[in-house]
Asks: 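Can you read through this structure? Questions will come right after.
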Amino acid sequence: LVGINAVVSYLANNFLFLQQDRGRFSSEISASNIDVSFKSDEESFYITLKFMPSDIKIITEFLHKFFYEFDVLEEDVIKAKEFMQYSRDNSYLNSNFISYQNFSKNFFDERYARDGFIGDHNYDKINITQVQNFVQNLVNKDQLKIAIAGDLKDTKLEGFINGLFSNFI
């Protein structure tokens with residue numbers, strides 16, 4: 001469904017998938033100055049993490065919760081869909097969005113131009129089951145791509161990946 005990746009990004013960026021541990025993770029991530037970002041485009045879903053090697057345990061636990069214990073309420077999905085609709089309705093106020101639209105329209109022919117508007121005609125069809133299925137599909141080993149850069153020793157990195165993705169490695 002068009003827009004489901006944006007809904008999942010909203011839920012993840014607001015830690016709404018952490019029903020039981022939202023306060024704890026929010027506090028620990030903030031106290032450790034960890035940068036967490038969930039973004040998506042029409043074709044991909046991106047998770048960006050900036051953290052110190054000493055924080056790998058909390059990051060592993062956080063990502064494990066996202067991938068394997070994604071737990072949102074129907075009201076959170078409704079809130080995310082409302083936010084996406086609001087963003088679309090008010091996108092004309094965002095200069096970055098206007099620039100993107102004009103660039104795409106003026107520099108690419110219609111085969112490659114992208115419409116930055118989120119297809120809201122499907123929002124009413126997005127439900128909690130589809131959101132959970134979307135997240136489960138993210139860890140499909142045939143689709144998942146991991147890029148890691150930074151000061152992590154091979155042994156710590158191997159432990160991180162094996163610990164997080166042990167369900168299908």
Side-chain angles (χ1 to χ4, degrees), residues 3-73 75-77 79-88 90-91 93-101 103 114 116-118 126 128 131-141 143-169:
I4 197 164
N5 49 0
V7 168
V8 172
S9 294
Y10 176 87
L11 294 168
N13 281 317
N14 290 288
F15 293 4
L16 295 176
F17 66 95
L18 296 167
Q19 294 300 318
Q20 302 299 318
D21 297 318
R22 187 176 306 143
R24 177 177 71 87
F25 276 105
S26 182
S27 295
E28 287 187 41
I29 286 172
S30 178
S32 298
N33 203 25
I34 297 170
D35 185 15
V36 177
S37 173
F38 296 84
K39 294 182 182 165
S40 61
D41 59 26
E42 291 180 8
E43 299 163 0
S44 301
F45 190 84
Y46 307 94
I47 303 171
T48 304
L49 304 162
K50 297 177 186 170
F51 61 95
M52 300 300 290
S54 58
D55 298 319
I56 202 160
K57 184 175 186 244
I58 186 72
I59 289 299
T60 303
E61 185 181 358
F62 177 79
L63 289 175
H64 183 84
K65 293 273 188 190
F66 176 77
F67 286 123
Y68 303 112
E69 299 177 36
F70 194 88
D71 181 25
V72 293
L73 303 174
E75 63 195 48
D76 294 332
V77 173
K79 188 185 311 181
K81 293 189 307 186
E82 288 172 351
F83 179 78
M84 294 300 114
Q85 182 64 45
Y86 173 83
S87 296
R88 178 184 163 80
N90 292 288
S91 59
L93 300 172
N94 183 327
S95 60
N96 289 337
F97 178 80
I98 294 168
S99 297
Y100 173 81
Q101 282 291 92
F103 178 80
R114 300 272 183 167
F117 285 112
I118 298 168
I126 297 172
I128 195 165
V131 167
Q132 290 169 331
N133 289 340
F134 179 85
V135 172
Q136 286 175 350
N137 193 46
L138 289 175
V139 290
N140 179 329
K141 69 179 177 181
Q143 297 184 71
L144 183 67
K145 293 177 181 43
I146 302 171
I148 300 175
D151 186 24
L152 285 173
K153 304 231 181 302
D154 288 345
T155 54
K156 248 191 176 177
L157 184 58
E158 184 179 347
F160 170 69
I161 291 174
N162 287 340
L164 185 58
F165 301 111
S166 60
N167 292 7
F168 65 73
I169 287 182

Asks: Look at the aromatic rings of F66 and F70 and report parallel, tilted or perpendicular, splitting at 30° and 60°.
Replies: perpendicular
Asks: Mind running side-chain contact (heavy atoms from CB on, under 4.5 Å) on E28 and E61 for me, showing each step along the way?
Replies: CA-CA 12 Å; E28 287 187 41; E61 185 181 358; 5.7 Å; no
Asks: Quick one: pull up CG in D21 and OG in S27 and give me the separation to the nearest 0.5 Å.
Replies: 11.5 Å
Asks: Begin from the C-alpha positions of M84 and V7 and carry the test side-chain contact (heavy atoms from CB on, under 4.5 Å) through to its verdict.
Replies: CA-CA 7 Å; M84 294 300 114; V7 168; 4.2 Å; yes
Asks: Any idea which heavy atoms bring S9 and S40 closest together, and the distance?
Replies: OG-OG, 3.3 Å
Asks: State the CG-OG distance between D35 and S30, to the nearest 0.5 angstrom.
Replies: 11.0 Å
Asks: For side-chain contact (heavy atoms from CB on, under 4.5 Å), just list the numbers for L138 and I47, CA-CA rounded to whole Å, side-chain angles, deciding distance to a tenth of an Å, and then say yes or no.
Replies: CA-CA 11 Å; L138 289 175; I47 303 171; 5.6 Å; no
Asks: Could you tell me if the ring centre of F62 sits under 6.0 Å from that of F17?
Replies: yes
Asks: Provide the closest heavy-atom pair for R22 versus L16 in the form atom of the first, atom of the second, distance.
Replies: NH2-O, 3.5 Å
Asks: Nearest heavy-atom pair of V131 and V8: which atoms, and what distance?
Replies: CG1-CG2, 3.9 Å
Asks: Supply the atom-to-atom distance K81 NZ to I4 CD1, rounded to the nearest 0.5 angstrom.
Replies: 9.5 Å
Asks: When you look at Q19 and D76, which way does the side chain to side chain donor-acceptor pair (under 3.5 Å) test go after all the steps?
Replies: CA-CA 10 Å; Q19 294 300 318; D76 294 332; 3.2 Å; yes
Asks: Considering the options N33, I29, I34, which one meets the side chain to side chain contact (heavy atoms under 4.5 Å, CB included) requirement together with D55?
Replies: I34
Asks: What's the separation between atom OH in Y10 and atom CD in E82, rounded to the nearest 0.5 Å?
Replies: 9.0 Å
Asks: Parallel, tilted or perpendicular: which describes the rings of F134 and F45, with under 30° parallel and over 60° perpendicular?
Replies: perpendicular
Asks: Let me see the working for L11 and V77 under side-chain contact (heavy atoms from CB on, under 4.5 Å), right down to the final yes or no.
Replies: CA-CA 7 Å; L11 294 168; V77 173; 4.3 Å; yes
